Amino acid sequence: MALQEERYNFRETEAKWQKAWAERECFKADTDPSKPKYYVLEMFPYPSGRLHMGHVRNYTLGDVVARYKKAKGFNVLHPMGWDAFGLPAENAALERGVHPGTWTRQNIDVMREQFKPLGLSLDWSREIASCEPSYYKHEQKMFLDLVKAGLAYRKESWVNWDPVEHTVLANEQVIDGKGWRSGANVEQRKLNQWFLKITHYADDLLTAIDVLDRWPDKVRLMQRNWIGRSEGARIFWPLVDASGTDRTEPLEVFTTRPDTLFGTSFCAIAAQHPLAAQLAQSDEGLADFIAQCARAGTSTAAVETVEKKGHDTGLRARHPFKPDWLVPVYVANFVLMDYGTGAIFGCPAHDQRDIEFARKYELPVRCVIAPANEDAEAYAETLEAGDEAFTGDGVTINSEFLDGLNVDEAQRRAIEKLEELGRGEGMVQFRLRDWGISRQRYWGCPIPIIHCKDCGPIAVPDKDLPVTLPEDVAFDKPGNPLEHHRTWKNVTCPACGKGALRETDTFDTFFESSWYFARFCSPHLEDKPFDKEEAMKWLPVDQYIGGVEHAILHLLYSRFFMHALSDCGYLDLKEPFDGMFTQGMVCHETYRAADGAWVEPSDVRKDDDKAFRLSDDAPVSVGRSEKMSKSKRNTVDPQRILETYGTDAARLFLLSDSPPDRDLEWTESGIEGAWRYLGRLWRLAVAAQSIPDGALPEKMDPAVLAVVRQVHRALATVGDDIEKFHFNSAVARVRELTNVVANLDRMQDGADAVFRFGIKTVAQLINPFMPHLAEEIWQRLGQKTILADASWPIFDPSMLEEDTMTIAVQVNGRLRGTITMASSTDRGACEAAALALPAVQKQLEGKTPRRVIVVPKKIVNIVAV
RNA sequence: GCGGGUGUGGCGGAACUGGUAGACGCGCCAGACUCAAAAUCUGGUUCCUUCUGGGAGUGGGGGUUCGAUUCCCUCCACCCGCACCA
């Protein structure tokens, strides 16, 4: 019988099952109250208009979890939406004259169509787009509630200004002194801005990190560092004029080292400190110095190389413990206004910056801490002569009532004393600063505030919400189109009825992403952002998946938001993401022509070790693998891959090649390998199809029974691997099982039935990874249910027990052979069998073993010598 | 500078609480089928070697142990985060 071999038609099969799933609404979040819930979420995409490999990887990872959890009997919520506000839409408007809204909505349509062939188990009925008034109107209300609760406020402050984007950036968005998107050097400007009081929750956000044990340690650490809790003291230093008269206002200083107070030799304030500005009015030199500081760059290089400089204000500060002790007060370039109080006391012996400053201005260096194991006097002498501060623990010296105490004790004692004297108090300082949310952009959610000359900033009344964006805007000049719009901002004051101006700033787009996961719980509610009960039912997100680039920004903002919304009564939840997984990037080799131009992978032909450009056969040099990016032109278009190999093959490769948290190198041969497996499994399934269905026979050849055992072992491990995110190992297990089943000797007793059973199990196990082919095999093997709805297969624990065991035999820790015997064999018999091995005897050369270690079922180690 | 991570064949990576290092895949080599190619199938593939065997081997060096990729010390390389935070 010469049948033409049928080839696996992924196009037909994938479309067929995607249709079937959609028709049956397999992935609609179920409401069956008897099942436990499981919320799987990948960070929602920005609708750039083109799907990239990173998306495919991200959503595939989530899909594995969603499908697996569904099979395990959970009510799975796995929604999708669009993080649709953002700058690229405005850039498109600028470059192509298309309205940002039109551009964005078109992109959403395009990307939705690109997502569909991936066969993701998404509940599309919950789709949301954050740029729609139906979404953002709720956040306008939220914002006004935050204002009422004192969690949002407006203040004039120095802000990070991106001169390219013409907008303000949050501290989190300034990387190395540059805008996170534009890369332009960020300038400092003083503007009126809205802030969210994330600092109110600094301690809560910090301590709750301990509970997030299903988050990557790296992310937890980054957040801890970002919040930056320091314990110390606030100290008041009475000030004395150059003329010798005491001023009324003392200088307030923050320190973490109150134990070093007796080593003080100066105080210093930031150039932006109000006192500096005040003094500069009558001190031209100081004014110059302040201007000079403002000009200095904030980039790494600038900060590293800049010399510690100061300007003596002429003021003197009284030491908190010894009022007659006066130290000079400087304005110094290394003191930051936005940390602590913007003022420090300098203790050169125990702070590296202070010693550099002291050397330059010839200020005293007084050692007050010496290492416990050193001769204090000699140590102090060396230290005071050198240029290196000592910052470690030790014993306090030259410090009156603090003498003899270690650093911890001395700090405690110093704070007690400050409090007794009313000269200061213990306090906790955070590095975290409030989140500035005003952006001078069009394509964002309008801030629902009206500015009235008489009444000040007034909330837009509920009945006037939402404040929607005007459609007729021009992008012909730099700056905010809302500001330039002729009529939009002209309104009447809701309080007094007089003419007033609308706030033209919009929210930072991280505002939208701070609560979208809650919106998914009741995505189409008109009057509320979400139903409290629904939100409480689904939240927290059980498994969140996204890139590590949001380790601080989005993940910290969202945590804060849930704390804040809970305090405003929206829900009762602290932490939004119970489990967090950060996936690695998708990388590809880079290619450059002789002239340095980047060459795309699709334009490269490889010949042995050499590579050439297809278009002109010019040699190209092969560079290291780097994150796929437009600039290096090393991207691979998912669309092309899906058309050539289908989504199952793409998914399988992405999942099997590297562990999900590591970077993955995309290779053509890798995807081809995955494709080959699909074909192979398909052929095996076709073969299995011709075997009649039925229970496994009683009588089986031992070799066949061993295969049944292997099946059960795979059943036991694959689920485990999936739960631990060891997807690459899970795939390896399934492929291993496939090999074992394929290699069955079909002539043996019971082999046919086991072969069929094996292939069916492979289909079930591989289902979360490549669901279309799995579904097809499932159907072909006569299953009436749909695999997407089927439950995860269970294994028979008795089948995991082997009746024989293979034990390694070592002589002096080196492998010399193995013995295979019945599992019930006792230690003595194992030892005897091991010693009987010819290879062992040869090694022993007639000597008697000194010792024999027998580890049951694992190893026999014979110690000779 | 501070903090964190990683390091295993030609390549991506496996290896449970210390117990047969290299699962699974890519690549490569050989063979089968074919007029041929593709596809597919079978076998091999850590390195060295005087090859029915022996030796080395998980970044380098040292230690603990009968036994170390796994634990400890130390050094090196690369990657990431933060950075004048008082």
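Only a predicted model underlies this, so the values are computations on that prediction, with no experimental measurement involved. Residue numbers begin at 1 in each chain, while the letters A, B, ... track the order of the sequences.
Between A:V331 and A:A271, the shortest heavy-atom contact is CG1-CA, 3.7 Å. Across all their heavy atoms, A:A343 and A:E252 have their closest contact at CB-O, 3.4 Å. Taking all atoms of both residues into account, the shortest heavy-atom contact from A:A611 to A:V622 is CB-CG2, 3.8 Å. When all heavy atoms of A:I415 and A:A233 are compared, the closest pair comes out as CG1-CB, 3.9 Å. A:K309 approaches A:K360 most closely through the heavy-atom pair CG-CE, 4.0 Å.
Between A:R353 and A:L221, the residue anchored nearer the 5' end of RNA chain B, judged by the nucleotide with its closest heavy atom, is A:L221. The residue among A:A808 and A:D338 whose nearest nucleotide of RNA chain B lies closer to the 5′ end is A:A808.
Annotation: A:F653 is not in aromatic contact with A:W675 [ring centroid separation under 6.0 Å not met]. Side-chain rings of A:F266 and A:Y361 stay apart, their centers remaining 6.0 Å or farther from each other.
Looking only at atom types and distance, the side chain of A:T199 has a donor-acceptor partner in the side chain of A:D434 under 3.5 Å away. No hydrogens or angles considered: nothing links the side chains of A:Q429 and A:Y339 as a donor-acceptor pair under 3.5 Å. In summary, the side chains of A:R814 and A:Q843 do not present any donor paired with an acceptor at a separation below 3.5 Å, with no hydrogens or angles considered. At a cut-off of 3.5 Å, with distance as the only test, a side-chain donor of A:N739 or A:R680 sits close to an acceptor on the other residue.
Per the geometry, CE belonging to A:M805 stands 18 Å off P belonging to B:G19, to the nearest Å. Atom CZ of A:R431 and atom P of B:G3 are 16 Å apart (whole Å). Distance CZ (A:F334) to C1' (B:A83): 16 Å, rounded to an integer number of Å. When rounded to the nearest whole Å, the span between OH of A:Y339 and C1' of B:C82 equals 14 Å.
Across B:G9 and B:G60, the matching P atoms stand 9 Å from one another, rounded to whole Å. Spacing between B:A23 and B:A77 at atom C1', rounded to whole Å, works out to 28 Å. Across B:A56 and B:U42, the matching C1' atoms stand 32 Å from one another, rounded to whole Å. Rounded to the nearest Å, the gap between the P atom of B:A15 and that of B:C71 is 14 Å. Distance check on atom P: B:C72 versus B:U6 gives 13 Å, rounded to whole Å. Atom name P, nucleotides B:C80 and B:G43: the rounded distance is 43 Å, in whole Å. Straight-line distance between the P atoms of B:G7 and B:C26: roughly 23 Å, to the nearest whole Å. Straight-line distance between the P atoms of B:C78 and B:A83: roughly 23 Å, to the nearest whole Å.
If you check every strand for non-hydrogen atoms under 4.0 Å, A:T806 touches a base. A:N333 comes within 4.0 angstrom of a base, heavy atoms only. Backbone-only engagement by A:R735 is indicated by non-hydrogen atom pairs under 4.0 Å involving sugar-phosphate atoms exclusively. Note on A:R816: only backbone sugar-phosphate atoms sit closer than 4.0 angstrom, heavy atoms only; bases stay farther off. At a threshold of 4.0 angstrom between heavy atoms, the contacts of A:E549 with the nucleic acid are absent. Note on A:V335: a base of the nucleic acid sits closer than 4.0 angstrom, heavy atoms only. Residue contacts shown for A:G670 are absent, as no nucleic acid heavy atom lies under 4.0 Å away.
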Stepwise side-chain contact (heavy atoms from CB on, under 4.5 Å) check, A:Q810 with A:I853:
CA-CA 10 Å; A:Q810 297 180 336; A:I853 290 136; over 6 Å; no
Determine, step by step, whether A:S656 and A:Y677 satisfy the side-chain hydrogen bond (donor to acceptor under 3.5 Å, both in side chains) criterion, reporting the C-alpha distance in whole Å, the side-chain angles of both residues, the deciding distance to 0.1 Å, and the verdict.
CA-CA 12 Å; A:S656 63; A:Y677 175 73; over 6 Å; no
Run A:F769 and A:R651 through side-chain contact (heavy atoms from CB on, under 4.5 Å) and show every step you take.
CA-CA 6 Å; A:F769 305 93; A:R651 290 171 61 124; 5.9 Å; no
Evaluation steps, side-chain contact (heavy atoms from CB on, under 4.5 Å), between A:L261 and A:T255
CA-CA 10 Å; A:L261 267 167; A:T255 183; 5.9 Å; no
Any chance you could lay out the side-chain contact (heavy atoms from CB on, under 4.5 Å) test for A:V335 and A:I269, step after step, and finish with the verdict?
CA-CA 6 Å; A:V335 180; A:I269 61 175; 5.6 Å; no
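In this structure, the separation between CZ on A:R57 and CG on A:D657 is 8.5 Å, given to the nearest 0.5 Å. Interatomic distance, A:L556 CG to A:Q223 CD, rounded to the nearest 0.5 Å: 4.5 Å.
An OP1 or OP2 oxygen of B:G54 is reached within less than 4.0 angstrom by a side-chain nitrogen or oxygen of A:Q843. At the phosphate of B:C82, neither OP1 nor OP2 sits under 4.0 Å from any side-chain N or O atom of A:R224. Distances shorter than 4.0 Å separate some side-chain N or O of A:R814 from OP1 or OP2 on B:A56.
If you check B:U20, B:C24, B:A83 against the side chain of A:T818, the one that comes closest is B:U20. Out of B:G3, B:C84, B:C79, the shortest distance to the side chain of A:K308 is found at B:C84.
Look at B:G9: its glycosidic torsion is within 90° of 0, and that puts it in the syn range. Taking syn as a glycosidic angle within 90° of 0, B:C51 qualifies as syn.
Within residues 259-271 of chain A, no residue places a heavy atom under 4.0 Å from RNA chain B.
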Every protein N/O lying under 3.5 Å from an N/O of nucleotides 37-45 of chain B:
residue: B:U40; atom: O3'; partner: A:R683; partner atom: NH2; Å: 3.2

Using a cutoff of under 3.5 Å, can you pull out all pairs of nitrogen or oxygen atoms linking the protein to nucleotides 30-33 of chain B, with atom names and distances?
none

All N/O contacts under 3.5 Å from nucleotides 66-72 of chain B to the protein, with atom names and distances to one decimal?
residue: B:C66; atom: OP1; partner: A:R851; partner atom: NH1; Å: 3.4
residue: B:C66; atom: O2'; partner: A:N861; partner atom: ND2; Å: 3.1
residue: B:C66; atom: O2; partner: A:N861; partner atom: ND2; Å: 2.7

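Salt-bridge annotation for A:D217 and A:R224: absent, with no side-chain N of the basic residue lying under 4.0 Å from a carboxylate O of the acidic one. Ion pairing between a basic and an acidic side chain is recognised when a charged N comes within 4.0 Å of a carboxylate O; A:R733 and A:E736 show such pairing.
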For a quick check, with a 4.0 angstrom heavy-atom cut-off, what is the B/S/- contact string for nucleotides 9-16 of chain B, read 5' to 3'?
---SSS-B
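Across A:F236, A:F345, A:F262, a single residue satisfies ring-ring contact (aromatic ring centres under 6.0 Å, His included) together with A:H319, and that is A:F262.
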Pairs counted only when both distances fall under 3.5 Å, Watson-Crick or G-U: show me the 5' to 3' dot-bracket for RNA chain B, [ ] for pseudoknotted crossings and | for other-strand partners.
(((((((..(((......[....)))((((((.......))))))((((...))))..(((((..]....))))))))))))....
